[in-house]
Amino acid sequence: MHSTVLCFTPNLHCNKKTRKNENYSSIKISAPSFLLGFTTQTFSKTKNTNIMNSTKNETIGLLVIMKAKPGKEQDVKNFLLGGLALVNQEPQTVSWFAFQIDSKTFGIYDTFEVEEGRQAHLTGEVAKALLANAGDLLEDFDPSTDIQPTDVLASNHKSGLQNNGLLVIMKSKEAKTADVENFLNVGKQLVSDEPKTLSWYAIKIDATTYAIFDTFADDSGRDAHLTGKVAAALMENAPVLLEGFQATAIQKIDIIASK
C-alpha cells in the first residue's frame with residue numbers, strides 16, 4: 001500500500017495532493033458561588049513523552065480533534081509524533097499534547113501564556129503541515145470549527161512521564177456557567193492531593209462548553225483519579241450543572257507525544 005509522505009519543511013513538496021498552506025492568524029478567541037457536596041526529525045515509531053515541567057503559567061490554549069481517513073490511522077499518528085520536534089522549537093508554546101481517543105480519532109491540546117504565543121503557533125510549521133496534509137489524512141477536517149481556541153481556567157502540574165489521559169467535554173446549563181467554573185476551580189485543589197495525576201486542566205471552549213484534560217503515567221493513576229473526589233463530585237453534580245451529561249463523556253486517551 002502506498003504510504004503518504006508527510007511534510008514538516010515549508011519548501012518541501014509532500015505529495016501530489018498537498019494543499020496550499022493557509023494562514024491561521026485570523027483565529028482568535030471570541031471572547032454566584034457553588035459549594036461541592038461530597039456524601040525536523042524523521043518520524044519515530046516510538047512514543048516520545050517528555051517529563052512535565054511543574055512551573056507553568058498557562059492562560060489560553062487550543063483543542064483540535066481530528067478523525068483519520070480509513071487506512072490513514074498510522075500516518076496520522078506518525079504525523080503527530082513528527083510534530084513534537086517542531087513544537088519543541090516554539091518557545092511560547094508552553095505545553096503540547098498529541099493524543100489518541102480511539103482507533104480513528106486523534107487530538108492536539110496545547111497551551112500558551114499570551115495570545116502572541118498562540119498566534120505564533122497557529123502560523124507555525126505544525127499548523128501549516130496540518131493544513132497541507134489534512135486533505136489526504138483526515139475526514140471532513142474544517143480548521144474553522146475543528147481548531148478550537150480555549151481559555152485555561154485552572155491547571156495543576158506534577159513532574160512525571162505522561163502516557164495516559166482523560167478528556168471530558170461538557171456543556172453547562174445556561175444559568176449554571178458560574179457554578180461550573182467554581183466547580184472546576186475547586187477541582188484544581190482536589191487534584192493537588194492526587195500524586196498520580198500529573199497534569200490537570202480545566203478549559204473553557206465557548207460560552208457554555210467546558211472540558212477537563214488530564215494525564216497520568218499509567219492506568220493505575222488514571223483509575224485512582226476516576227475513583228477519586230473530582231470524578232465523584234462531577235457525577236454527583238452533573239444533573240444540576242450540565243446539559244445531558246453521561247459517563248460516556250469521560251473519554252480515555254493515550255498520550256502519543258508531549259512537550
Side-chain angles (χ1 to χ4, degrees), residues 41 43-66 73-74 76-103 105-113 117-118 121 126 148 150 152-169 184 187-203 210-231 234 249-259:
Q41 294 175 348
F43 299 114
S44 168
K45 296 294 190 294
T46 304
K47 180 179 292 187
N48 193 344
T49 306
N50 290 346
I51 295 177
M52 167 163 280
N53 180 353
S54 61
T55 58
K56 294 173 182 288
N57 182 29
E58 304 135 300
T59 63
I60 55 177
L62 293 165
L63 178 63
V64 185
I65 305 296
M66 61 196 88
E73 296 85 358
Q74 188 60 50
V76 173
K77 188 172 182 177
N78 291 345
F79 173 91
L80 294 171
L81 281 166
L84 179 61
L86 295 178
V87 174
N88 281 334
Q89 298 172 28
E90 296 180 355
Q92 295 188 91
T93 299
V94 180
S95 294
W96 182 88
F97 301 89
F99 58 92
Q100 184 168 1
I101 298 174
D102 58 35
S103 62
T105 311
F106 298 82
I108 296 170
Y109 175 63
D110 40 17
T111 64
F112 314 88
E113 291 185 340
R118 180 160 61 184
H121 178 73
V126 175
Q148 302 178 91
T150 66
V152 178
L153 300 179
S155 64
N156 187 285
H157 299 296
K158 304 176 188 73
S159 296
L161 293 173
Q162 302 167 94
N163 297 302
N164 299 339
L166 293 167
L167 175 64
V168 186
I169 298 177
L184 293 172
K188 174 184 176 179
Q189 303 306 315
L190 295 177
V191 295
S192 295
D193 298 327
E194 297 181 357
K196 293 185 175 182
T197 301
L198 300 182
S199 66
W200 184 90
Y201 292 93
I203 306 162
Y210 297 85
I212 295 171
F213 181 94
D214 41 13
T215 65
F216 315 88
D218 51 33
D219 282 333
S220 67
R222 181 162 61 188
D223 291 343
H225 178 74
L226 287 171
T227 56
K229 291 182 179 180
V230 176
L234 177 62
I250 302 173
Q251 302 177 93
K252 291 185 176 182
I253 63 176
D254 291 328
I255 305 299
I256 296 171
S258 67
K259 174 183 178 180

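For reference, positions follow the sequence shown, starting with 1.
Judged by distance alone, the side chains of T197 and D214 never bring a donor and an acceptor atom under 3.5 Å apart. T59 and E113 share no side-chain donor-acceptor pair at under 3.5 Å.
A distance of 6.5 Å separates OG in S199 from NE2 in H157, rounded to the nearest 0.5 Å. Considering CD of E58 and CG of L153, their distance stands at 12.5 Å, rounded to 0.5 Å. Atom OG1 of T105 is separated from atom CD1 of I253 by 12.0 Å, given to the nearest 0.5 angstrom. With values rounded to the nearest 0.5 angstrom, L190 atom CG is found 11.0 Å from L184 atom CG. To the nearest 0.5 Å, atoms CE (M66) and CD1 (I101) are separated by 9.5 Å. Atoms OH and NZ, from Y201 and K188 in turn, are 11.5 Å apart once rounded to the nearest 0.5 Å.
Exactly one of T215, I108, D110, L80 qualifies for a side-chain contact (heavy atoms from CB on, under 4.5 Å) with F97. That residue is T215. In summary, of the residues considered (H225, K158, K229), a side-chain hydrogen bond (donor to acceptor under 3.5 Å, both in side chains) with E194 occurs for H225 alone. Between I256 and the options N78, N163, L81, a side-chain contact (heavy atoms from CB on, under 4.5 Å) holds for only L81.
Between the side chain of K259 and the backbone N or O of L84 there is no donor-acceptor pair closer than 3.5 Å. Using a distance-only test at 3.5 Å, with no hydrogens or angles considered, no donor-acceptor pair links the side chain of D219 to the main chain of R222. At distances below 3.5 Å, at least one donor-acceptor pair connects side-chain atoms of T111 with backbone N or O atoms of S95.
Aromatic pair F213/F99: centroids less than 6.0 angstrom apart.
When side chains are defined from C-beta on, D223 does not count as touching S220, because their heavy atoms never get closer than 4.5 Å. Side-chain contact between S103 and E73 is absent, with no heavy atoms from C-beta onward closer than 4.5 Å. Side-chain contact between I203 and Y109 is present, with at least one heavy-atom pair separated by less than 4.5 Å. Side-chain contact between L167 and I212 is absent, with no heavy-atom pair separated by less than 4.5 Å. You'll find the side chain of L62 stays beyond 4.5 Å of the side chain of T150, heavy atoms only. For the pair L226/K252, a side-chain contact is recorded, criterion being any heavy-atom separation below 4.5 Å from C-beta on.
When all heavy atoms are compared, the tightest approach of F216 to G165 is CD1-CA, 3.9 Å.
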